[in-house]
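Step one of this worksheet: look at the structure below.
So you know, we letter chains A, B, ... as the sequences are listed, proteins then strands, and number each from 1.
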2 protein chains.
Amino acid sequence: MTTALHETASSRLRGAGQRYTARRQQLVELFAGSDRPLAIPEILAAGTGLKQSSVYRNLADLEQAGVVRRVMTDEEFGRYELAEDLGGHHHHLICSRCGRVRDVEVPGDLEATLDRALDRLARKAGFASVSHRLDLIGLCQDCAARERGAHVTKRRLRSAE
Amino acid sequence: MTTALHETASSRLRGAGQRYTARRQQLVELFAGSDRPLAIPEILAAGTGLKQSSVYRNLADLEQAGVVRRVMTDEEFGRYELAEDLGGHHHHLICSRCGRVRDVEVPGDLEATLDRALDRLARKAGFASVSHRLDLIGLCQDCAARERGAHVTKRRLRSAE
DNA sequence: CTTCCTGCAAAAGTTTTGCATTAAC
DNA sequence: GTTAATGCAAAACTTTTGCAGGAAG
């Protein structure tokens, strides 16, 4: 089922002069089974036994090889997911309060319209080889209620969960 | 010219129980005069005399009051810009290699189409009060040439500039 | 046996915070 | 005078790196 995925990952890593070790296979499996990009703490907690520095280094290597990519959220740490051609083109629903992220797909015709328009724009500005990143920002159901409080930092919010 | 902006900023801060000090006015002016979101190092280097911790604290307060907002790039530090209703709705051209950012506006009809479609999507997923974030990712002219190199971290890239 | 990967510990970079001082109201 | 804002120094947190040991080819 994920055989093709592993073969692709393997060949991309070898192409970059690197090995597709058991650790890295674990990481790829983890991403393949997730419905959202994963943060490093989540990966560490997932019971792979991987150590922090190895996770960072492996993710950097996998990113270089084009197997995963780093995604941006409003959090102050990074999240990773499968590269677009492996995990499919999709976007993210991001809760602006608690940082929760979920994958979401938008209709194909909207994507097409968007692509055409943005390509034109980028070219006019001298940008090459353009892709886009489209996120939906809002409040998830949990947070919509308790929206309140002053001088609350994001870190405090996270640890309060 | 920026009088209205200052008045709005002032009233929003007071509404949050805070003062619109000279330092904060400087910050708002800085953002108003920029064609891209500013990073903390840039703000510190702009000659305002503000200290690092004050910049962070002021930006947090201004963000809470709805005067500025933090924007995400591929860099590992944050950038800030005026809130959408003060600085205008726009998007960002981001160079995936050097991290350079520039503001860009997309045609109004595309925005409208987008808004309608995304609102529907978000509602279906149980998200409330949604906005969107659309970035164009690519290579700026400077970087399009020298695209190369393995195991190069982003931090190294930045300091190499 | 050579090269890459891993873990540990330590460092670097960004952001937050405690406390005393200064400025705003 | 009371409350908020500032600067300084130190801490917290995320990410990167040096080095020694271990696994993969």
- Task: Under 4.0 Å between any heavy atoms, over every strand shown, what does Thr21(A) touch: base, sugar-phosphate, or nothing? Just pick one.
- Result: sugar-phosphate
- Fit a plane to each ring of His89(A) and His132(A), take the angle between them on a 0 to 90° scale, and name the class: parallel (under 30°), tilted (30 to 60°) or perpendicular (over 60°). perpendicular
- Query: So, does Arg100(B) use its side chain to make a donor-acceptor pair with the main chain of Cys95(B) at under 3.5 Å?
  - Reply: no
- Give a yes/no on whether any side-chain N or O of Asn58(A) is located under 4.0 angstrom from OP1 or OP2 of dC5(C). no
- Message: Looking at Tyr56(B), I'd like to know whether one of its side-chain N or O atoms comes within less than 4.0 Å of OP1 or OP2 on dT15(C).
- Response: yes
- Rounded to the Å, how far apart are Arg24(B) CZ and dA23(C) C1'? 12 Å
- Please report, rounded to the nearest Å, how far the P atom of dT15(D) is from the CD1 atom of Ile43(A). 10 Å
- Query: Taking the side chain of Arg23(A) as heavy atoms from C-beta outward, which of dG25(D), dG7(C), dG7(D) is closest to it?
  - Reply: dG7(C)
- Task: Answer yes or no: is there an ion pair linking Glu42(A) with Arg36(A), defined by an N-O contact shorter than 4.0 Å?
- Result: yes
- Could you say whether Tyr20(B) or Lys51(B) is positioned toward the 5' end of DNA chain D, judged by the nucleotide with the nearest heavy atom to each? Tyr20(B)
- Message: Heavy-atom nearest nucleotide on DNA chain C for Gly78(B) versus Ala22(B): which residue maps closer to 5'?
- Response: Gly78(B)
- Task: Round to the nearest Å and state the distance from Leu62(A) atom CG to dC5(C) atom P.
- Result: 10 Å
- Task: Quickly work out the Gln64(B) CD to dA4(D) C1' distance and round it to whole Å.
- Result: 15 Å
- Task: Please report, rounded to the nearest Å, how far the C1' atom of dG13(C) is from the CD atom of Glu76(A).
- Result: 14 Å
- Please give, in whole Å, the distance from dA24(D) C1' to Gln25(A) CD? 13 Å
- Query: Between Arg57(A) and dT16(D), is there a side-chain N or O to OP1/OP2 distance below 4.0 Å?
  - Reply: no
- Message: Going by side chain to side chain donor-acceptor pair (under 3.5 Å), His90(B) matches just one of Glu84(B), Glu81(B), Glu105(B). Which one?
- Response: Glu81(B)
- Note on the structure: Out of dT3(D), dG7(C), dG25(D), minimum distance to the side chain of Ser53(A) belongs to dG7(C)
- Item | Sidechain-backbone polar pair: Thr8(A) side chain, Ala4(A) backbone, donor-acceptor under 3.5 Å | yes
- With respect to the side chain of Arg19(A), which nucleotide from dA4(D), dC4(C), dG7(C) is positioned closest? dC4(C)
- To the nearest angstrom, how far is Asp61(A) atom CG from dT17(D) atom P? 12 Å
- Message: With a 4.0 Å cutoff (strictly under), does any side-chain N or O of Ser54(B) reach OP1 or OP2 of dG7(D)?
- Response: yes
- Want to settle it: does Gly49(B) or Gln52(B) sit nearer the 5' end of DNA chain D, counting the closest nucleotide to each? Gly49(B)
- Starting at atom CG of Asp74(B), determine the distance to atom C1' of dT15(D), rounded to an integer number of angstrom. 15 Å
